[in-house]
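Step one of this worksheet: look at the structure below.
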Amino acid sequence: MVNTFPKENKLCGQLRITQLYKDGKRFTAWPLRVTYQETEENTQILVWAPKSLFKRAVKRNYLRRLMREAYRLHQDMLGDKHCLIAFNYMDKDVQPFAVIEKAICKALKKITEN
RNA sequence: AGAGUAGGCCGGUCUAUCGCGCACGGGAGUGUGAGGAAAGUCCGGGCAGCACAGAGCACCACAGCGGUUAACGGCCGUCAGGCAGCAAUGUUUGGUCCCUGCUACAGAGACGAGUCGCUUGCACUAAGGCUAGUGCGAAGCGGGUGAAACGAGCACACGGUGGGCUGCAAUUCCAAGUAUACCGACGUUUGAGCGUUGCUCGCGCGAGUUGGAGGGUAGGAAGCGUUAGAUUAAUGAUAGACGCCAUGGAACGUUUAACGUUUAAUGUUUAGUGGUACAGAACCCGGCUUAUAGGCUUGCUCUUUCC
């Protein structure tokens with residue numbers, strides 16, 4: 001069981017991000033919208049809370065931390081798969097950790113089944 | 001004690017489990033890691049690039065007086081007037097009237113020393129006793145009005161002082177990659193265009209400039225060292241306990257009034273419940289403005305009680 005989340009697991013680079021949003025498969029797990037794509041390399045994720053929904057930087061930081069933390073605790077659900085995943089926060093209100101954790105679990109389960 | 005007023009300060013703590021950025025280290029690991037506003041980006045400076053040949057006209061900012069400062073439009077002290085308050089205090093205004101413009105209503109007239117009315121002189125006409133009308137000239141007065149009537153107030157006016165422009169997405173370096181093939185406009189001493197602050201003049205450079213359409217890239221380092229420092233951007237999540245505030249059940253105590261139990265006020269202890277804000281560094285400082293649960297503290301003013 002791995003619980004760490006070092007920098008190698010963060011998705012960086014504008015080209016790769018654009019590529020993921022262009023070619024990845026999408027589904028919704030409220031309050032998240034998930035875009036993912038299988039890959040040969042390491043699993044990398046990004047989390048996103050849009051500025052248009054949350055004007056204050058504090059709220060965006062908080063949501064990013066919650067999503068990142070939820071992924072970190074449940075990343076072993078992916079098993080042997082290697083994917084690029086993007087989590088976009090969609091709801092207008094700030095949801096508590098339990099709700100986001102549930103959504104992340106649901107999303108990871110769906111990716112594994114496919 | 002209560003009410004008010006002006007400042008200053010703090011703005012959660014601990015434990016467990018799992019984590020993140022940076023520095024050092026071969027490794028284990030060790031050290032370190034958001035704020036009073038980090039926010040808004042409103043001023044001023046450092047710093048960076050470009051320019052430095054000037055003149056005129058615009059434009060922006062400032063505003064009693066003195067001090068402080070690297071600098072400021074900030075801050076401190078103080079003077080005068082208006083407004084609010086019993087007071088402490090708060091708030092607001094502050095150069096000048098030479099030129100330009102404005103001053104409602106009322107008033108003959110409000111910025112043209114010229115008109116109007118009355119009195120008065122002369123001429124003409126009607127009448128011819130008083131008088132009335134018209135024209136010209138001069139002098140004097142101004143009933144009442146109004147905030148103000150040759151003397152004021154005000155700013156959009158004038159004068160004074162200051163301001164070269166752009167901003168860390170500045171700027172420098174490294175790496176990777178490409179194409180000026182095509183169409184049009186203007187131009188090469190009859191000077192396009194560029195720079196010089198926005199415009200005009202002037203000055204300098206000057207053989208290419210520009211619109212369309214297309215091609216490539218969008219990575220990294222320095223800037224950012226001063227005890228945070230990234231570039232999908234760290235400083236956290238979960239659980240529990242405590243602290244603080246509000247509310248209030250219960251128990252105990254004190255005082256008061258009726259009187260062996262209640263009423264009213266108040267203090268201490270402790271369950272429970274609710275709340276615990278505003279907000280997140282991206283070059284750095286000095287200010288301003290705005291947001292903020294709750295708490296601590298100092299000065300002053302007023303009211304009431306006791307000594």
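The sequence lines fix the lettering, A, B, ..., with proteins before strands; numbering per chain opens at 1. Computed from a predicted model, the values in this text were never measured in an experiment. Just so it is clear, the values below take in all heavy atoms, side chains as well, and ignore hydrogens, waters and symmetry mates.
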Syn or anti conformation of A185(B), syn meaning chi within 90° of 0: anti
Tell me whether U292(B) sits syn or anti, counting syn as a glycosidic angle within 90° of 0. anti
Phe97(A) CZ to C18(B) P, straight-line distance once rounded to whole Å: 15 Å
Partner of G167(B) by Watson-Crick or G-U wobble geometry, both contacts under 3.5 Å, or none? C47(B)
Taking atom P in both A108(B) and G117(B), compute the distance separating them and give it to the nearest angstrom. 12 Å
Taking any strand in view, what nucleotide pairs with G121(B) in a Watson-Crick or G-U wobble way, both distances under 3.5 Å? C136(B)
In whole Å, measure the gap between the C1' atoms of A16(B) and A23(B) for me. 28 Å
Salt bridge between Glu113(A) and Lys110(A), side-chain N to carboxylate O under 4.0 Å? no
How many Å lie between CG on Asn88(A) and P on U232(B), as a whole number? 16 Å
Using a 4.0 Å heavy-atom cut-off, does Arg60(A) contact any base of the nucleic acid, only the sugar-phosphate backbone, or nothing at all? nothing
Pick the nucleotide of RNA chain B nearest each of Leu66(A) and Lys55(A); which residue has the one closer to the 5' end? Leu66(A)
Between Arg60(A) and Phe54(A) (side chain of the first, backbone of the second, donor and acceptor by atom type, cut-off under 3.5 Å), is there such a pair? yes
For G40(B), is chi within 90° of 0 (syn) or not (anti)? anti
Identify the nucleotide, in any strand shown, that forms a Watson-Crick or G-U wobble pair with U103(B), with both distances under 3.5 Å; if there is none, say none. A152(B)
Between P of G35(B) and CG of Asn61(A), the distance in whole Å: 15 Å
For A55(B), give the paired nucleotide (Watson-Crick: N1-N3 plus N6-O4 or O6-N4; G-U: N1-O2 and O6-N3; both under 3.5 Å), or none. U200(B)
Once hydrogens and angles are ignored, does a donor-acceptor distance under 3.5 Å link the base of C18(B) to the side chain of Arg72(A)? yes
Just to be sure I understand the rule, does Arg56(A) reach a base, reach only the sugar-phosphate, or reach nothing, if contact means heavy atoms closer than 4.0 Å? sugar-phosphate
Set of side chain to side chain contact (heavy atoms under 4.5 Å, CB included) partners for Asp91(A), sequence neighbours left out: Trp30(A), Pro31(A), Tyr89(A), Asp93(A), Gln95(A)
Which value, in whole Å, describes the distance between the C1' atoms of nucleotides A155(B) and A277(B)? 48 Å
I'd like the P distance from C284(B) over to U92(B), given in whole Å. 34 Å
Nucleotide paired to U32(B) in any strand shown, Watson-Crick or G-U, under 3.5 Å: G21(B)
Measure across Leu32(A) and Met67(A) and return the closest heavy-atom pair with its distance rounded to 0.1 Å. CD2-SD, 3.6 Å
Taking for each residue the nucleotide of RNA chain B with the nearest heavy atom, is it Trp48(A) or Tyr62(A) whose nucleotide lies nearer the 5' end? Trp48(A)
How close or far is atom P of A233(B) from atom CG of Leu63(A), stated in whole angstroms? 15 Å
Nucleotide of U232(B), G280(B), C18(B) approaching Leu46(A) most closely (side-chain heavy atoms): U232(B)
Starting at CZ of Arg65(A) and ending at C1' of C18(B), how long is that distance when rounded to a whole Å? 16 Å
Between A281(B), C18(B), A234(B), which nucleotide has the shortest distance from any of its atoms to the side chain of Arg68(A)? A234(B)
Say you pick atom C1' in C52(B) and the same atom in U166(B); how far apart are they, in whole Å? 16 Å
Could you let me know what A207(B) is paired to, Watson-Crick or G-U wobble, both distances under 3.5 Å, or none if it's on its own? none
d(CZ, Arg64(A); C1', G280(B)) in whole Å: 10 Å
Check every atom of A279(B), U232(B), U235(B) against the side chain of Val58(A) and return the nucleotide holding the closest atom. A279(B)
With P as the reference atom in both, quote the distance from G163(B) to U93(B) in angstrom, rounded to an integer. 27 Å
Atom CD of Gln95(A) and atom P of A237(B) are separated, to the nearest Å, by 17 Å
Separation of Leu73(A) atom CG from G19(B) atom C1', in whole Å? 8 Å
Can you tell me, in whole Å, how much space there is between the C1' of G162(B) and that of G223(B)? 32 Å
If you round to the nearest 0.5 Å, how far is CD1 of Ile85(A) from CD of Gln37(A)? 11.0 Å
Considering the options Ile104(A), Leu46(A), Thr35(A), Ile100(A), which one meets the side-chain contact (heavy atoms from CB on, under 4.5 Å) requirement together with Phe87(A)? Ile104(A)
Between G243(B) and U270(B), how far is it from one P atom to the other, in whole Å? 9 Å
